[in-house]
*Asks:* 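I am attaching a structure below and will ask some questions about it afterwards.
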Amino acid sequence: MFNLTAFLKRLVIGRALRSDELGTTLLPKRLALPIFASDPLSSVAYATQEILLVLTVGGLAYLHFTPWIAAMVVLLMAVVVLSYRQVVHAYPTGGGSYEVASTNLGESAGLVVAAALMVDYVMTVAVSVASGVDNIISAIPSLADFRVALALVFVALLTAMNLRGVRESGRTFAAPTYLFIAGVLIMCATGLLRYLLGDAPVAETAQYGIRPEPGEADLMGLALVMLVLRAFSSGCTALTGVEAISNGVPAFRKPKARNAATTLAVMGLVAVTMFVGVTTLAIVAKVHIAGNSCDLIGLPDCADYTQRTVIAQLAASVFGGEHSFGFYYVQAATALVLILAANTAFNGFPLLASILAQHRYLPRQLHNRGDRLAFSNGILALAVVAGALLWAYKANVTSLIHLYILGVFTSFTLSQTGMVRHWNRALRTERDPALRRRHHTARVINATGAVITCLVLVIVLLTKFTQGAWLAVLAALVLWVTMRAIRRHYDVTSAELAVTDPHAELAPPSRVLAIVLVSTLHKPTLRALAYARAFRPDRLEALTVAVDRDATAELQRQWEEYGIDVPLKVVDSPYREITSAVLVYVRSIVRESPRDVIAVFIPEYVVGHWWENLLHNQSALWLKSRLLFNPGVTVTSVPWQLSSSAAADHPAARAPGAVRRGEPAGRFRR
């Protein structure tokens, strides 16, 4: 029989892969780059814009700080890339910042890194998708009213692609990433060449002035420093996702560490080149952009004017207008890569969640691989949270950006500090002069990275905390507490289940009392009685609840007529409540004989169609759920398969335990 659910699942996800096919999903460097580095590569599309947006709060006078801020961002990028190359070589098993911090700084520090990174991965999806939608709207302004719907559709598509597996998503996302890199580099080269030849491109907003925010026109002293620091912290969005490669080392082909380090270096070089090119071109073309269109001086009708993104203005000015092929190419590639940049998080988040689940800090289901050997539960969890965030913030980049990058610099700082301790420990035992020199060099790199990223973290906290970053801090704190609580639960459970005295715990109970729940005398009831008798209990009895006197009397009459040699116990229920009556009776036996085991057998139907469940109540499910909480009580379901269940049986299309169950046979009357 055709199974629509299974068909749709295979259509979206593809055929299931065997566990021993995991090796076929490992990535070459050409696919690893777009998968793990699409976020830092694509961030050049909005990092420059975020710097300009902050500086223009004070008007055009402060745009001359742009090249200096960009230089600071480039220096920071170089330090972070060099630092994470050390992490990749020292900890090639994956886990990245979390493993470094946990190993060298302790459990609490590792969980701080994990919580911060997980929050940042969620923000990566939200910001990347929202920014991609912004660029689509820049090319087609009529779509502005569908911003949130577009964002949610793209999250759903990304989720579906990642559920197909890492390699499949890499093949899909590789082309747009490389097309984006090519488009940005060609645009920057063309624009700068025109500038050198005396024909500098001019942005569409170059003619407009910018009205400063009240009180921000003549900043001096500390206020000016804070403005520059705010612009710098916004520009640091260019560094998001750098750590994803260190988390995903196990996904690379052998030699894993070397391939990951090479990919990290290529990513850093390409990202820096594009960021410098876009920022330089924005200065040359005199791009003016403000948080509010009506702050642009000289704009005729600001209410209906949709500002184009910086990269859209640059593409239009370089390639000859908003209707040129180059403009549409750059916009299409940018929108695609910004949306696909969320793929960095769709790979990093499930991997990190899997490691945390393996260490018992998150539910163990997050460590399970799906049909395509991807960590499906982690992918779905990320999609749900990021989608909710996009809906709550109306897919607005400016609102979301303040919650961003805090987590990544927390992980940068703690992981680099942990690496310093790692090299200190290695130097205490290493005697080879060549290796000692290499360790000393690595320690200097990581120490420099720790100091610089710590300073940036402080700057980000100071400049973004009151603008919304406190929500990211709160989310990370809640996640940290939750992970500690989950680990505590697993530890307590393990201690409680640990074997202390095998001989005593293998000792049989004093007696076994079997109780078969009965409502009507028919085939399922007789099967349950026969099955219970096969266990050879010390005592066997049937139990029915009298909610209808006539029906109970008829059951007793049939019981005697058929000569069933199992005593039938009738429990009265004046308020027609079945579950409570059964529980009271079972508990009374447990109190009288605490060393006995009470085995409760429940006959129930197995149906083949979902709609058949609507025709039967769920007394069996409710009874089982209540009985299982009673010490000394075991519960056994005795299924009776209706004809529809045989007709609907598709073993290949069902997971173990996927049988839909109905009520106890004959149903307990209410």
Side-chain angles (χ1 to χ4, degrees), residues 36-37 40 71-114 116-117 120 236 238-250 252 255-269 271-272 348 352 355 405 407-460:
F36 290 111
M72 292 165 63
V73 173
V74 168
L75 175 63
L76 183 60
M77 171 73 84
V79 170
V80 169
V81 168
L82 287 173
S83 299
Y84 270 99
R85 279 174 58 86
Q86 309 302 321
V87 173
V88 165
H89 286 296
Y91 294 91
T93 56
S97 300
Y98 163 69
E99 185 176 355
V100 173
S102 298
T103 304
N104 298 287
L105 301 177
E107 174 194 14
S108 294
L111 289 184
V112 169
V113 168
L117 275 178
D120 207 68
C236 286
L239 278 79
T240 55
V242 171
E243 81 294 333
I245 291 177
S246 67
N247 290 335
V249 176
F252 283 79
K256 295 177 181 290
R258 190 173 71 187
N259 286 338
T262 302
T263 305
L264 189 57
V266 171
M267 179 272 296
L269 180 62
V272 164
L352 180 57
I355 293 170
I405 78 170
V408 76
F409 279 100
T410 301
S411 68
F412 285 170
T413 301
L414 290 176
S415 68
Q416 300 316 305
T417 304
M419 285 302 296
V420 172
R421 296 193 68 175
H422 168 82
W423 297 124
N424 286 339
R425 190 167 56 251
L427 285 167
R428 283 197 292 269
T429 57
E430 185 59 61
R431 295 292 175 264
D432 186 337
L435 285 177
R436 285 184 66 84
R437 283 194 297 272
R438 288 166 58 183
H439 290 348
H440 276 295
T441 302
R443 183 174 64 175
V444 169
I445 292 172
N446 289 128
T448 304
V451 171
I452 293 177
T453 53
C454 182
L455 289 173
V456 175
L457 177 60
V458 172
I459 291 170
V460 171

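What you see is a predicted model, and the numbers here were worked out from it, not measured in a lab.
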*Asks:* Are any non-hydrogen side-chain atoms of Thr262 and Phe252 less than 4.5 angstrom apart?
*Replies:*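 No, every pair of side-chain atoms sits at 4.5 Å or beyond.
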*Asks:* Less than 4.5 Å apart, any side-chain heavy atom of Tyr98 and any of Leu352?
*Replies:*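 Yes, side chains in contact.
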*Asks:* Do Tyr84 and Ser415 have side chains that approach each other closer than 4.5 Å (heavy atoms only, starting at C-beta)?
*Replies:*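 A side-chain contact exists here, since the closest heavy-atom pair is under 4.5 Å.
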*Asks:* Between His422 and Thr103, is there a side-chain heavy-atom distance shorter than 4.5 Å?
*Replies:*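 The answer is no; the side chains never approach within 4.5 Å.
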*Asks:* What distance separates Arg438 CZ from Asp432 CG, expressed to the nearest 0.5 Å?
*Replies:*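 Reported to 0.5 Å precision, the distance equals 9.0 Å.
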*Asks:* Atom CD1 of Ile452 and atom CZ of Phe409: how far apart are they, to the nearest 0.5 Å?
*Replies:*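 The CD1 atom of Ile452 sits 10.5 Å away from the CZ atom of Phe409.
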*Asks:* Any donor and acceptor pair, going by atom type alone, linking the side chain of Arg443 with main-chain N or O of Trp423 inside 3.5 Å?
*Replies:*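 Checking the backbone N and O of Trp423 against the side chain of Arg443, no donor-acceptor pair under 3.5 Å is found.
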*Asks:* Taking Arg436 for the side chain and Arg431 for the main chain, is one N or O donor matched with an acceptor at less than 3.5 Å?
*Replies:*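 No: the side chain of Arg436 does not pair with the backbone of Arg431.
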*Asks:* Between Val81 and Met77, is any pair of side-chain heavy atoms under 4.5 Å apart?
*Replies:*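 Touching, per the 4.5 Å side-chain cut-off.
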*Asks:* For the residue pair Phe412 and Val456, establish whether any side-chain heavy-atom pair is separated by less than 4.5 Å.
*Replies:*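 Result no, sub-4.5 Å side-chain heavy-atom pair not found.
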*Asks:* Looking at every non-hydrogen atom in both residues, tell me the closest pair between Leu414 and Leu105 and how far apart they are.
*Replies:*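 That closest heavy-atom pairing would be O-CD1, 3.3 Å.
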*Asks:* Can you tell me how far OG1 of Thr413 sits from CG of Leu457, rounded to the nearest 0.5 angstrom?
*Replies:*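 Leu457 CG to Thr413 OG1: 5.0 Å, rounded to 0.5 Å.
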*Asks:* Verify the distance criterion only: is there a donor paired with an acceptor across the side chains of His440 and Arg437 at less than 3.5 Å?
*Replies:*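 Judged by distance alone, the side chains do not pair up.
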*Asks:* Of Gln86, Met419, Gln416, which meets side chain to side chain contact (heavy atoms under 4.5 Å, CB included) against Ile445?
*Replies:*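 When side chain to side chain contact (heavy atoms under 4.5 Å, CB included) is applied between Ile445 and each of Gln86, Met419, Gln416, only Gln86 qualifies.
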*Asks:* Quick one: closest heavy-atom pair of Ser411 and Leu117, and the distance?
*Replies:*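 Minimum heavy-atom separation between Ser411 and Leu117: OG-CD2, 3.5 Å.
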*Asks:* So which heavy atom on Ala260 is nearest to which on Val249, and how close?
*Replies:*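 Looking at all heavy atoms of both residues, the closest pair is CB-CG2, 4.0 Å.
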